[in-house]
Amino acid sequence: MKAIIVGGGIGGLTAAAALHQRGWEIEVLERAPEFTEVGAGLAVQPNGLRALDTLGLGDLLRSKGPADPPAGIRRRNGHWLVRNDLDYLKRRFGQWATVHRADLIDLLRTAVPSAALRPGIEVHHVRPDGTVIHSGGASTADLVVGADGVHSITRRSLWPHARGPRYVGYTTWRLLTPPQPVEASTETWGAGERFGHMPMPDGRAYCYIMANAPQGSHGVLDDLRERFARWHDPIPALLHAAREDHVIQRDTYELPDLSTYVAGRVALLGDAAHAMTPNLGQGACQAIEDAVTLAAAVDGRDVRAGLEAYDRDRRPRTQMIVRLSRQVGAAAHWTSSALTAVRDAALPLLPRSVFERSLAPSYDWTL
Ligand SMILES: Cc1cc2nc3c(=O)[nH]c(=O)nc-3n(C[C@H](O)[C@H](O)[C@H](O)COP(=O)(O)OP(=O)(O)OC[C@H]3O[C@@H](n4cnc5c(N)ncnc54)[C@H](O)[C@@H]3O)c2cc1C
């Protein structure tokens with residue numbers, strides 16, 4: 001049985017590794033000239049690590065990038081809005097890992113035969129019968145996996161009338177600083193602006209920012225430094241330590257829900273199926289869950305029946321996480337000072353268990 005995987009990002013390479021382990025012949029078509037991820041870190045949550053355990057890769061990641069659970073949410077003056085019970089979170093859900101994106105891609109590549117990787121091939125069209133038209137010609141397979149991200153050509157080929165990506169109203173910046181003293185992973189919420197930072201195992205700090213794109217005429221980093229100059233420590237110091245060429249700026253998109261992720265011999269996964277806001281740090285983890293679930297669903301059974309089982313399993317869970325992420329984003333991105341004042345007064349009064357219960361659905365997952 002042969003599978004063609006469109007896109008060699010985190011989701012596509014996980015699918016390739018999972019299908020290869022189950023005896024499939026695989027071919028990964030990636031339009032970029034090499035298999036890598038541009039800069040910045042990634043939080044792999046307990047559910048993502050458990051999914052990687054099914055490929056025997058979870059412990060390698062845990063040993064590369066062990067991390068504590070998120071310590072909580074602060075106000076821009078540093079006062080805590082929400083403080084998590086780290087021991088409880090670790091006991092209940094297991095370990096977190098913070099890794100460099102490129103390291104995760106390299107790790108996944110070790111689980112895929114190099115002959116199966118075809119960089120520099122752009123896919124132009126996918127048909128439900130398993131035909132893929134690409135810059136190197138045409139190929140067919142028993143299964144095609146569309147793991148080609150938010151602007152997926154697989155999705156547009158099979159669902160030409162579905163609505164495309166929707167800009168959610170804020171932009172993200174991701175950056176890695178040179179080694180900096182940073183305590184636990186923390187988020188800080190302002191009015192329409194949000195700054196997260198987490199320590200990387202090599203001593204660097206990974207920072208992500210979500211806010212409206214500035215209209216300023218300075219460089220990106222100077223704009224960010226100005227914007228966050230009066231936020232609590234170590235935020236200004238982190239931005240001063242960062243380098244302009246290490247900042248990745250991207251607009252944020254969501255994809256509207258589809259009523260199915262499968263058509264004929266083709267399945268969508270990861271951002272191609274359910275691109276979500278980054279508010280829960282679950283996009284890549286959901287792509288990894290999708291990939292290992294898909295490989296298990298088609299193992300030893302008719303492909304179409306396996307794809308239906310995959311769709312039944314994954315659609316409700318991923319669409320629930322898309323909604324949860326959107327809700328968290330809505331509260332974090334209020335720009336009205338009256339609303340943020342009410343939010344900042346109310347959040348510290350809520351019992352910790354409310355937050356831990358709201359995190360549980362995304363972390364509680366096993367294959
Ligand atoms: C600021 C920010 C922070 C985030 N933090 C986290 C986090 O901490 N934890 C987490 O789990 N998630 C996080 N995410 C989400 C995560 O980055 C994505 O959900 C994840 O990378 C999606 O993986 P994917 O493989 O589905 O798609 P992509 O990573 O987009 O990969 C798609 C691949 O397909 C290739 N491709 C596209 N079109 C074609 C074509 N026509 N032909 C051939 N190849 C093609 C692309 O080149 C690319 O390599 C974050 C996102 C943002 C914006």
Side-chain angles (χ1 to χ4, degrees), residues 1-38 41-67 94-121 123 132 139 141-149 201 267-273 282-300 303 306 310 313-314 365-367:
M1 298 288 270
K2 179 177 173 187
I4 295 175
I5 293 139
V6 184
I10 292 169
L13 286 177
T14 310
L19 287 163
H20 172 65
Q21 272 195 4
R22 290 175 188 267
W24 286 68
E25 183 194 335
I26 46 169
E27 190 177 356
V28 187
L29 307 179
E30 167 56 53
R31 71 175 168 201
E34 53 185 319
F35 286 78
T36 189
E37 274 258 359
V38 274
L42 184 81
V44 187
Q45 324 267 2
N47 52 305
L49 285 172
R50 276 197 296 279
L52 289 167
D53 281 338
T54 67
L55 305 177
L57 300 176
D59 279 342
L60 278 168
L61 218 60
R62 288 182 183 93
S63 64
K64 263 179 193 284
Q95 200 182 308
W96 272 250
T98 308
V99 292
H100 195 289
R101 282 175 183 253
D103 289 345
L104 176 55
I105 291 285
D106 286 349
L107 182 67
L108 292 168
R109 279 180 54 178
T110 62
V112 180
S114 48
L117 300 176
R118 297 189 62 194
I121 300 283
V123 171
V132 179
S139 317
D142 303 286
L143 168 65
V144 177
V145 181
D148 44 348
L268 295 179
L269 64 71
D271 278 10
Q282 276 284 346
C285 295
Q286 291 309 306
I288 295 169
E289 283 185 19
D290 288 343
V292 301
T293 307
L294 175 64
V298 294
D299 195 17
V303 168
Y310 163 75
D313 185 323
R314 294 305 299 163
W365 177 89
T366 42
L367 183 62

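These values consider heavy atoms only, across backbone and side chains, with no hydrogens, waters or symmetry-generated copies. In this chain, numbering begins with 1 at the start of the sequence shown. Nothing here was measured: the structure is a model prediction, and the numbers come from that model.
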Stepwise side chain to side chain contact (heavy atoms under 4.5 Å, CB included) test for L143 and K2:
CA-CA 7 Å; L143 168 65; K2 179 177 173 187; over 6 Å; no

Rounded distance [0.5 Å steps], [atom1] in [X] versus [atom2] in [Y]:
| X | Y | atom1 | atom2 | answer |
| --- | --- | --- | --- | --- |
| I288 | T54 | CD1 | OG1 | 10.0 Å |
| L52 | L108 | CG | CG | 6.5 Å |
| L117 | I26 | CG | CD1 | 7.5 Å |
| L49 | W365 | CG | CH2 | 11.5 Å |
| L60 | T110 | CG | OG1 | 7.5 Å |
| L55 | H20 | CG | NE2 | 11.0 Å |

Side chain to side chain contact (heavy atoms under 4.5 Å, CB included) between L13 and I5, worked out:
CA-CA 8 Å; L13 286 177; I5 293 139; over 6 Å; no

Carefully, step by step, assess I105 and L107 under the rule side chain to side chain contact (heavy atoms under 4.5 Å, CB included).
CA-CA 5 Å; I105 291 285; L107 182 67; over 6 Å; no

Under the salt bridge (Lys or Arg N to Asp or Glu O under 4.0 Å) rule, collect the residues that match up with [X], sequence neighbours excluded.
| X | answer |
| --- | --- |
| R109 | none |
| D106 | none |
| D142 | none |

Are any non-hydrogen side-chain atoms of [X] and [Y] less than 4.5 angstrom apart?
| X | Y | result |
| --- | --- | --- |
| R314 | Q286 | yes |
| I4 | L29 | yes |
| L61 | L104 | yes |

Test: [X] and [Y] ion pair at under 4.0 Å:
| X | Y | value |
| --- | --- | --- |
| E27 | R118 | yes |
| D59 | R62 | yes |
| R50 | E289 | no |

Between [X] (side chain) and [Y] (backbone), is there a donor-acceptor pair under 3.5 Å?
| X | Y | answer |
| --- | --- | --- |
| D290 | G270 | yes |
| E30 | G8 | yes |
| Q45 | Q282 | no |

Pair F35, V112 - check side chain to side chain contact (heavy atoms under 4.5 Å, CB included), show working.
CA-CA 12 Å; F35 286 78; V112 180; over 6 Å; no

